[in-house]
Structures are given as structure tokens and as C-alpha cells.
Amino acid sequence: MSDFRSDTVTQPSQTMRDLMSKAPVGDDVYGDDPTVNRLQDYAAERMGKQAALFCSSGTQANLLAIMAHCQRGDEYLCGQNAHNYKYEGGGAAVLGSVQPQPIENEADGSLNLDKVKAAIKSDDFHFARSRLLSLENTIGGKVLPIAYLDTLRPFVEQHNLVLHLDGARIFNAIVKSGEDERKLVDPFDSFTICLSKGLGAPIGSLLLGSEELISRATRIRKMLGGGMRQAGIIAAAGQYVLENNVQRLADDHANAMYLAEQLAAIEELSCEPSAVQTNIVYATCLKQQSSALAAALAQQGILMTAGTPMRFVTHLNVNRQDIDSLIAAIKQFYLGL
Ligand SMILES: *Cc1c(COP(=O)(O)O)cnc(C)c1O
């Protein structure tokens, strides 16, 4: 069985399970869980923010950030492809009464700041109040250019916005860029980290920002039912992956490139290896529906996400052999047609 659908499918290792079973715990709603506190302090210190908050998911961490930054009737500007616009059930609008203002993403995943500027609303009671600019890194597996990040702080200050980053896969961006970790998050007033994507923890995300923001977010987390009790059991896994699984993301990136090169050599598919930067590979079926290919692969215990394009994600539970088997199975599918 090999699963290329997402980097969320990883299984916790025995070491991780052992650490979880032995983690000292307390009631985190009282602030008493030493393992949660250690993780939050460690992450904040490492990434250069004042405070961090352990959350049940990346969706929750983004929602807390938007609700903590904005009031009812405010709006957040984000990419048309942003996870926190497209894939989070409209939570910011539904639960926060915060309106999204989506803007077309550029090919590199960034938002053109001239287009953002044109979408910022003036102070007029007809309009929602433009309050927050939200970006995503990596986005569709792409790393936002460092030179672009450098332009963000002056822009938001000029326009009186706060700046949030959906950093579900920020460590993929950090490892790929080779830059100092903080360089990629310094411009942002807040950012998230998913511990349960490529880093390989079973559950959990972090929201980082100022003490004040995190204190507001903690109140909202409780309101949304996200106050967890002996959460150290899962925070222990988060601590482990931050300490041990960051640099190995480079292996996932190398595997993704290897996979893309193999896919590009199959004439019934279109795949552009030069577009692959981290652990996500897109390819398009030129013959047959991708759903037919996905069904044939599933027969052999190989899972991927069908679509136009289809998506393959590498992670710590797939290796070169799994990729070779995937490629062999795709070739066999086309031979059999
Ligand atoms: C997965 C993901 C999230 C949400 O994380 P969940 O833990 O699945 O809720 C947010 N943003 C991005 C970019 C993601 O890939």
C-alpha cells in the first residue's frame, strides 16, 4: 500500500508513540499541561514570535488568526486559491462574520500587490473594512520568492493592514529556500504551522504571533470548542517532529522531483518537473480520465488524487521503491488500453 494523496496520511512512528505515552500532562484549559506549554514556548522561541498556541488543526489555527485580527464587518484579502478561502468551509465568513476578498494568485503563488492595493476599500460605510492580508507558503507546493516577502511589510504598513501567513507547509518552504527559518516568517504578524502534514505528527497545528494576539486567539479557541484538556499526549508528537523531521523534508522534495521526471517520460501524461519545488507534483492525463487511472492504481494498493491536474504528494511513508512501483503501474495501465 502506498498513498500519494497527501502528506497528511503518515503513520506515527514507534518512537513518537512511545514519547506520547510517556508525556507529562495536565489540564491545558487551565494552562497546566507541561508538554503543551513546552511545545508552545519552544516554537515561539525558535521562530522568533512572542507566543504560540496549540490548535486541533490548520483550519482552526487559520480561523483563530482571522477572528483574532478582525471584527465583524471586516474583510481579509487572500488568494483565490488560498486554503483559508477555498478549503475551510467559509469558516471566517460563517463563524467570524469576516468577508473574504479573493484576488487571483500569480503563477508563483504570490498576490500582485498592485491588485491587492486596487481591492483595498476606502473608509466608506458602503464597504467592509479591509483589515488583513493573508498569504500562503508553500502554495500548491511553490515557495513564495524571498524578494517578494521583503516587499510585504512596507506594503501592509502603508495600507494599515495586518499580515497573516498560512504556513501549513512553511517548513517545506524553509528547507527548500535554505534561508534562516525566521527569515520566511519575520514579516508576518501571525502564522500557522501544520504539525500533521509533511512533518508527520498525527494531530495538531500551531498559531504564532504576539502575546496579545495569542491571548485573543485562546479565548476564541475555547469558544469554538477547541480547548483541549490533557493535550500533551498529542503535543508530544508535535515536539518530536519539530526537533527531528524538519531537515528530512529535503528527501520528500528529492523524491517529488524524481517522481516528476518519471511522470514526464510517460507520453500519455503531461508533467513539468521544472514546476516542482517541494513535495507536491501535478500531472495531467492526455489519454483517458484520471479517475480511470486512479481506479486502476487503487486496485494495486496505490492511492493518488485524481483531477485535472491530478496530484501526487511525497512524504515520510513513501520511498523511491514506492515511486518506482507507482510508475510501473501507470505504464501498465496505458499498455493495457
Ligand atoms: C492542510 C492545510 C490547511 C489546514 O490544515 P488541517 O489540519 O487539514 O485543517 C491549511 N492550509 C494549508 C495550505 C493546508 O495545506
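Each ligand, and each atom within it, is numbered from 1 in the order the structure gives. One is the number of the first residue; the rest follow in order along the sequence.
The atoms of ligand 1 that sit less than 4.0 Å from any heavy atom of C194 are 5 (O).
Both the backbone and the side chain of S57 come within 4.0 Å of ligand 1, counting heavy atoms alone. Neither the backbone nor the side chain of I139 comes within contact range of ligand 1; no heavy atom lies under 4.0 Å.
For a threshold of 3.5 Å applied to N or O pairs, the pair formed by T59 and ligand 1 contains at least one separation below that value. For ligand 1, none of its N or O atoms has an N or O atom of S205 under 3.5 Å away.
Summarising the contacts of atom 14 (C) of ligand 1 with K197, E136, R169, the nearest heavy atom is found in K197. For atom 6 (P) of ligand 1, the candidate residues are G58, G141, G204; the nearest heavy-atom contact is made by G58.
Side-chain contact check for Y85 and N62: no donor-acceptor pair (N or O, by modelled atom type) lies under 3.5 Å. Side-chain atoms of H315 and N279 form no donor-acceptor pair, as typed in the model, at a separation below 3.5 Å. Judged purely by distance below 3.5 Å, without hydrogens or angles, the side chains of S122 and D124 never pair a donor atom with an acceptor atom.
Contact of the V36 side chain with the M228 side chain is not registered, since no non-hydrogen atoms from C-beta on lie closer than 4.5 Å. Between L152 and L135, the closest side-chain pair of non-hydrogen atoms falls below 4.5 Å. Between I66 and S134 there is no side-chain heavy-atom pair separated by less than 4.5 Å.
Nearest to atom 11 (N) of ligand 1 among the protein's heavy atoms is D166 OD2, 2.6 Å.
Between Q60 and ligand 1 there is no heavy-atom distance shorter than 4.0 Å.
Classification of K115 and E104 as a salt-bridged pair fails, no side-chain N sitting under 4.0 Å from a carboxylate O.
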